[in-house]
S.K.: 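Have a look at this one before I ask anything.
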Amino acid sequence: MRMVFIGPPGAGKGTQAARLIEKYRLAHLSTGDMLRAARDAKTEVGKKADEYMSTGQLVPDEIIIDIIRQRLAEPDCQGGYLLDGFPRTIAQAEALDRMLAETGTPLDVVLELRVPEDELFNRLAGRGRADDTPQVIRQRLVAYRQQTEPLLAYYTGKGLLESVDGLGAVEEIFDRVTTVLDPLAR
Ligand code: AMP
């Protein structure tokens, strides 16, 4: 199964993703994790990315698209993957479509985890990651609304979007998600 997991920061994607990759045996491709690793390793890409991450803005498309192109070519992705935090812009989604068209391996599903914005703010503020100051949190939510939310219409148009309510207990949400994914798993 090739899936995109989409949702605002703080929606609980990471928690659900960890369980989903176990259940469906998928490679977990989190661009946030990749960028944090690059930042901590102080690579050129990492240093460049940090200029954006530290203020809650999106890293430029070219950087992210390069990272994903290389990652998707690795052997563990051939058995299916979960894209977590990518694509986040229409340009990224279009680049992904082109890459997957070249290899004849289209997406199976785009799953949206839906959580109201006031709930997100509280969750993010309570999480206490170093980069989670109120101002950065606000900027990350703005980036989601302005740049990432348009993907919902984009993928609806392609008949790929499924939306799941992201409020409730972790187990409850997992049940909702797997109810949608089970028929697609192979
Ligand atoms: P995340 O852990 O997915 O919330 O990502 C943390 C930060 O990394 C984001 O706030 C962005 O600055 C950056 N980032 C991660 N994925 C992307 C992406 N697909 N496009 C642009 N920036 C990204």
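Read the numbers this way: they start at 1 and go in the same order the structure lists the ligands and their atoms.
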S.K.: Please report, to 0.1 Å, the donor-acceptor pairs under 3.5 Å made by any side chain of residues 68-77, with sequence neighbours excluded.
M.R.:
| unit_1 | atom_1 | unit_2 | atom_2 | d |
| --- | --- | --- | --- | --- |
| Arg69 | NH1 | Asp66 | OD1 | 3.4 |
| Arg71 | NH1 | Glu74 | OE1 | 3.4 |
| Arg71 | NH1 | Asp76 | OD1 | 3.0 |
| Arg71 | NH2 | Asp76 | OD2 | 2.8 |

S.K.: Considering only heavy atoms from C-beta outward, does the side chain of Leu35 approach that of Arg39 to under 4.5 Å?
M.R.: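 Leu35 vs Arg39: side chains apart.
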
S.K.: Please confirm whether Lys158 makes a cation-pi placement over Tyr154, using NZ or CZ under 6.0 Å from the six-membered ring centre and within 45° of the ring normal.
M.R.: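 Yes.
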
S.K.: Looking only at heavy atoms, is any part of Arg36 under 4.0 Å from ligand 1, and if so is it the side chain, the backbone, or both, or is it neither?
M.R.: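 For Arg36, only side-chain atoms sit under 4.0 Å from ligand 1.
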
S.K.: May I ask you to list the atoms of ligand 1 that are less than 4.0 angstrom from any heavy atom of Thr31?
M.R.: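 Counting atoms of ligand 1 from 1, those under 4.0 Å from Thr31 are 15 (C), 16 (N), 17 (C), 19 (N).
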
S.K.: Report, in ascending order of atom number, the atoms of ligand 1 lying under 4.0 Å from any heavy atom of Gln57.
M.R.: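 The list of qualifying atoms is 11 (C), 12 (O).
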
S.K.: Side chain, backbone, both or neither: which part of Ile64 comes within less than 4.0 Å of ligand 1 when only heavy atoms are counted?
M.R.: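 Contact part for Ile64 vs ligand 1: side chain (C-beta onward).
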
S.K.: Short list, please: which atoms of ligand 1 are under 4.0 Å from a heavy atom of Gln92?
M.R.: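 Within the 4.0 Å cut-off of Gln92, ligand 1 contributes 18 (C), 19 (N), 20 (N), 21 (C).
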
S.K.: Output yes when the distance from some N or O of ligand 1 to some N or O of Tyr52 is under 3.5 Å, and no in every other case.
M.R.: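 The answer is no, given that Tyr52 and ligand 1 share no N or O pair closer than 3.5 Å.
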
S.K.: If hydrophobic clusters are built by linking Ile, Leu, Val, Met, Phe, Trp and Tyr wherever their side-chain heavy atoms come under 4.5 Å apart, do Leu100 and Leu160 end up in the same one?
M.R.: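 Yes, one cluster joins them.
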
S.K.: Quick check: Pro9 and ligand 1, any N/O pair under 3.5 Å apart?
M.R.: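 No - when backbone and side-chain N and O of Pro9 are compared with those of ligand 1, no distance drops under 3.5 Å.
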
S.K.: Below 3.5 angstrom, do we get any N/O pair linking Leu58 and ligand 1?
M.R.: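 Such a contact does not occur with ligand 1.
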
S.K.: Heavy-atom pairs closer than 4.0 Å: do any link ligand 1 to the side chain of Leu35, the backbone, both, or neither?
M.R.: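 It is the side chain that gets close, since no backbone atom is under 4.0 Å.
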
S.K.: Is Phe5 isolated, or which residues cluster with it under the ILVMFWY side-chain rule of less than 4.5 Å, directly or via members?
M.R.: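 Members other than Phe5 - counting any ILVMFWY side chain reachable under 4.5 Å - are Met1, Met3, Leu20, Ile21, Tyr24, Leu26, Leu82, Val109, Leu111, Leu113, Val164, Ile173, Phe174, Val177, Val180, Leu181, Leu184.
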
S.K.: Is any NZ, NE, NH1 or NH2 atom of the basic residue among Glu149 and Arg88 found under 4.0 Å from an Asp or Glu carboxylate oxygen of the other?
M.R.: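 No.
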
S.K.: Can you measure from CD (Gln92) to CD1 (Ile65) and round to the nearest 0.5 angstrom?
M.R.: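 Result: 5.5 Å between the selected atoms.
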
S.K.: Using heavy-atom distances only, which candidate in Arg39, Lys13, Arg88 approaches atom 3 (O) of ligand 1 most closely?
M.R.: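 Result: the heavy atom closest to atom 3 (O) of ligand 1 is in Arg88.
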
